[in-house]
Amino acid sequence: MSAKYKPNEIETRWQAYWERERTFYTDENSDAPKFYMLEMFPYPSGRLHMGHVRNYSIGDVVARYKVKCGYNVMHPFGWDAFGLPAENAAIERGVHPAGWTYSNIRDMRGQLQKLGLGYDWNREIATCHPDYYRWEQLIFLKAFEKGLVYRKKALVNWSEKMQTVLANEQVIDGVDYRYGLPVIQKELTQWFFKTTAYAEELLDGIDNVLEGNWPRRVLLEQRSRIGKSHGARVEFKLEEAVDGETALPVFTTRPDTLWGVTFMSLAAEHPMALKLAVGTEREVEVDAFIQKTLAEDKRKRGSEDYEKQGVFTGRYCINPVNGVKVPVYIANFVLMDYGTGAVMAVPAHDQRDFEFAKKYDLPIKVVIHPDENTALDPAAMTEAFVDDGIMVNSEQFTGKSNRASIERIADFLAEKGWGGKTINYRLRDWCVSRQRYWGAPIPVIYCDKCDVVPVPEDQLPVMLPEDVTFEAEGGSPLAKCESFVHTTCPKCGGAARRETDTFDTFVESSWYQLRYASPRYEDGPVDPAAIEKWLPVDQYIGGIEHAVGHLMYSRFYHRLMQDLGFFPKSVSPEPFHKLLTQGMVCKETRYTKDENGNPVWHTDDDIDENGMSKKDGQKVLTGRVEKMSKSKYNGVDPEAIMARYGVDSARMFVLFAAPPENDLVWKDEGVDGVFRFLSRVWNMVQQRLDALKAAFPFDGNVDGLSDAGRELRKLTHQTIKGVTDDVHERFHFNTAIAKCMELMNVISRFSGATDNAGDASIQKEAVLALVNLLSPFAPHICEEIWQQLEQAGSISTVAWPVYDEDAAKESTVTIAIQVMGKMRGTVEAPAGCSNGEMEKLALAHENIQKHIEGKTIRKVIVVPGKLVNIVAN
RNA sequence: GCCAGGGUGGCGGAAUUGGUAGACGCAAGGGACUUAAAAUCCCUCGAGCUAACGCUUGUACGGGUUCGAUUCCCGUCCCUGGUACCA
């Protein structure tokens, strides 16, 4: 008996072969159409996990398929190498972040190469390298020149534990994403990118480019984050000017309720909030209320049961449409960062205003009735009427539909000079300052004389200093690094200080896809010619968790760089034309309970063969299926799986167990299954090796074939067609693999090849097709078999098989026969037989006759080649 | 609350345009080979009824459209995400 399937031996050999032959290195001189395949690059934590295996296996299948289809494929890889874990390692273990990061990169690169992934390693980048971040500094300075970057004092999410500012995405329910510890609001001067300047363009991109090519969910989330809403701006004049301000502008989507305004609400953060009360007898009370509101954390302010509270400022403003004087309140539910931070309150038609008015006994004035016959009584209302209806008490608009009047009222405001139509966005500018060491330094110098001075371009990069000290809770190591902080002002030459904040790491990941096109370019962040050639990314793959963070920032940054002239406008405004978001890798959790009833999580190794815990001797229970994580002890180490079953089985399993966008439930038995399948393919080839090698290519003459031979030929071509359909664009790798398994099942039962030359040729054709189709999923075993069968070249570069339309055709079809829509039998009919013949065959069927006996046939429905339904009663 | 996506055997999942529900795999059961086990190979496998041909029922639940519905429409329940005082 021939050699057993030993994956580890063949895998290392073929990985070396691909690297030696540069199989997956991009050929810049190729004339073939380009295909840019990209998966989201990882943070180099040092350990590969199953999520990586899944993400990169999916991408590798697509890349390999495109190579085989003749595309000039660019499939690069790199590292999102700045970030907090490196600093934590420095604090906890005394290793320098740079050393730690580069050694992690080395380890992970080794692990990835063991997965047999086809990357162009010549293009590898690490964002922590000065050759990368120097360009980021340049982009920042150019944006600063153009006014697309600015500095402002802002309330930011501050983590006491990490001593840094966090992005909104990094704060979940008031606690940080990493430690789950409280995040407070703190006022700091921060650098911002003007993302809001691109709100409309970001929406256009969704409509014109991404719609239909990105998952609907992601686009929906992006649209709602941008939060475009049409409305009106209305100027409410203050009764008397305060501190030079004469009016309070508001944003409203309901100008139709203007005549129902009975008071005004300002956010506690509103610049006029305290000023209105200064010098009046209400000052103390207002100040106390503002202090109290600001001190409360965001989570509490956002929670459902947060009580609506407010305080009267003592001032009034004038409703422009009717001259009515209304009191100005500070209210804790008004948000400063939406609209103007001031709200015209219409208690009759807004639920929040209604509750507030009830609490503080403010008037409620109805200006919309549900219809002509129904009038609302303010005193009897228990909640605001927020639906559409007929306007009342609204002067010239009385009696009109409120919905239809919204636009006309906005125009009316504009005519009178009281405001007008406006569009408001929820999107905020992007705060990129981080009080952290392991990031790209923000290239700015502060001089007492010259204020904010950008670092001159010829002095870039501003290098991260190496000689810094790390302490657990000591704040930014950069700020304490004297040699870094002290510098001279580029303008006046006097003593000056450097900015000690570094960029949010989302800045690096916003343009890495552009850098890959010319990774060693030295005259700018990107070579414009390379961008024109390679962008956009044709297929991007990554986790759904980046739906609004990374994917929004990159879309913004791409446009920013384009506007700054780094590459031409002829390039698509969107960096990623197609997006696939893959699901998480999950596994059952196993646990026992401690004395307090809290779960004690177990790994598989903590459980003995009787299902008892080795930790505490209790019976181990099975918990929910959850995302693999360190804390739940339900992770599976890819290295262990690769050592036990081989890379091909590990890859095949993650592709076969679920479609890519679904969550995947890890099952060791499932890996057994695909390993068994690959072994069967291997053993079949070994057993029939001589016959397969000796067989001639099929000459197209079907006359000499056995029936089984004909069937096998047909199935081979049907399989090529089916697998191609599944892999091409649809990414249904699970069904593609299932079809390969079906073909294999038929091949293994096929026995006619020994005494029939035609059958032998057909068998060879089937096996070669099977190996070719499987090669993107399980490349190593397929290379090995391809070579054993003495086929020319590497299967990785052999053209994807093409099916023969005629060969795939069925000669007979199975007709389903129904009576009154119920299945009553099937009949074999020649392919292409007429509706009349089908009907005849159906009526002749024994079981059908039984069912229509004594009944009148009313109608016969025939679906050609498929089904006959007899309507009889 | 609002928005989106789901709900199919013991399990993961198929069914691409309204046309044979459950492909493929896992688990389970039976058998062959073996002194035995493992491995391998073969068979069975939604539920109920039947000796069997078959019949009934079944894609969360209740209705509807249709010759025919996992697929389309209306209503209900449940799950999973996203979002939450957005004026």
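The sequence lines fix the lettering, A, B, ..., with proteins before strands; numbering per chain opens at 1.
Judged by Watson-Crick or G-U wobble contacts below 3.5 Å, the nucleotide B:C61 has B:G75 as its partner. Remark: B:G81 base-pairs with B:C3. Criterion, Watson-Crick or G-U wobble with two distances under 3.5 Å. Pair check for B:G19 finds B:C67; Watson-Crick or G-U wobble, both atom distances under 3.5 Å. Within the shown strands, B:A28 is the pairing partner of B:U44 under the Watson-Crick or G-U definition, both distances less than 3.5 Å.
Between A:Ile409 and A:Ser394, the closest side-chain pair of non-hydrogen atoms is not below 4.5 Å.
Across all strands shown, A:Arg217 has heavy atoms under 4.0 Å from sugar-phosphate atoms exclusively, and none from any base. Note on A:Gly673: only backbone sugar-phosphate atoms sit closer than 4.0 angstrom, heavy atoms only; bases stay farther off. Within 4.0 Å of A:His851, counting heavy atoms only, lie sugar-phosphate atoms of the nucleic acid but no base atom. Within the 4.0 angstrom heavy-atom criterion, no nucleotide atom of any strand lies near A:Asp353. Backbone-only engagement by A:Leu220 is indicated by non-hydrogen atom pairs under 4.0 Å involving sugar-phosphate atoms exclusively. A:Asp350 comes within 4.0 angstrom of no nucleic acid atom, judged by non-hydrogen atoms across all strands. Among the protein residues, A:Thr253 comes within range of the sugar-phosphate backbone only, with heavy atoms under 4.0 Å from sugar or phosphate atoms but none that close to a base.
When the P atom of B:C24 is taken as reference, atom CZ of A:Phe677 falls 13 Å away, rounded to whole Å. Rounded to whole Å, atom P of B:C86 lies 13 Å from atom CG of A:Asn332. Between the P atom of B:G13 and the CE atom of A:Met741 lies a distance of 15 Å, rounded to the nearest Å. The nearest whole Å value for the distance from the CD atom in A:Gln351 to the P atom in B:A87 is 15 Å. Going from atom CE of A:Met744 over to atom P of B:G25 covers 11 Å, rounded to whole Å.
Checking the phosphate oxygens (OP1, OP2) of B:U83, no side-chain nitrogen or oxygen of A:Arg426 falls inside 4.0 Å.
Interface remark: the A:Arg216 side chain does not form any donor-acceptor pair with the B:A4 base, using a distance-only criterion of under 3.5 Å. On a pure distance criterion of 3.5 Å, a polar donor-acceptor pair joins the side chain of A:Lys308 and the base of B:C85.
Taking the six-membered ring wherever Trp is involved, the centroid distance between the rings of A:Phe263 and A:Tyr360 does not fall below 6.0 Å.
Checked by atom type, the side-chain pair A:Thr812/A:Glu828 shows a donor-acceptor distance below 3.5 Å. Side chain to side chain, A:Thr589 and A:Asn634 fail the donor-acceptor criterion of an N or O pair below 3.5 Å.
For B:U66 and B:C74, the C1' atoms lie 16 Å apart once the distance is rounded to whole Å. With P as the reference atom, B:A38 and B:C45 are 24 Å apart, rounded to whole Å. For B:G18 and B:C24, the P atoms lie 25 Å apart once the distance is rounded to whole Å. B:C73 and B:G12 are spaced 31 Å apart, taking the C1' atom of each and rounding to whole Å.
In this structure, A:Lys714 pairs ionically with A:Glu711, as a charged nitrogen and a carboxylate oxygen lie closer than 4.0 Å.
A cation-pi contact, defined as under 6.0 Å to the ring centre and within 45° of the axis, is absent between A:Lys228 and A:Tyr425.
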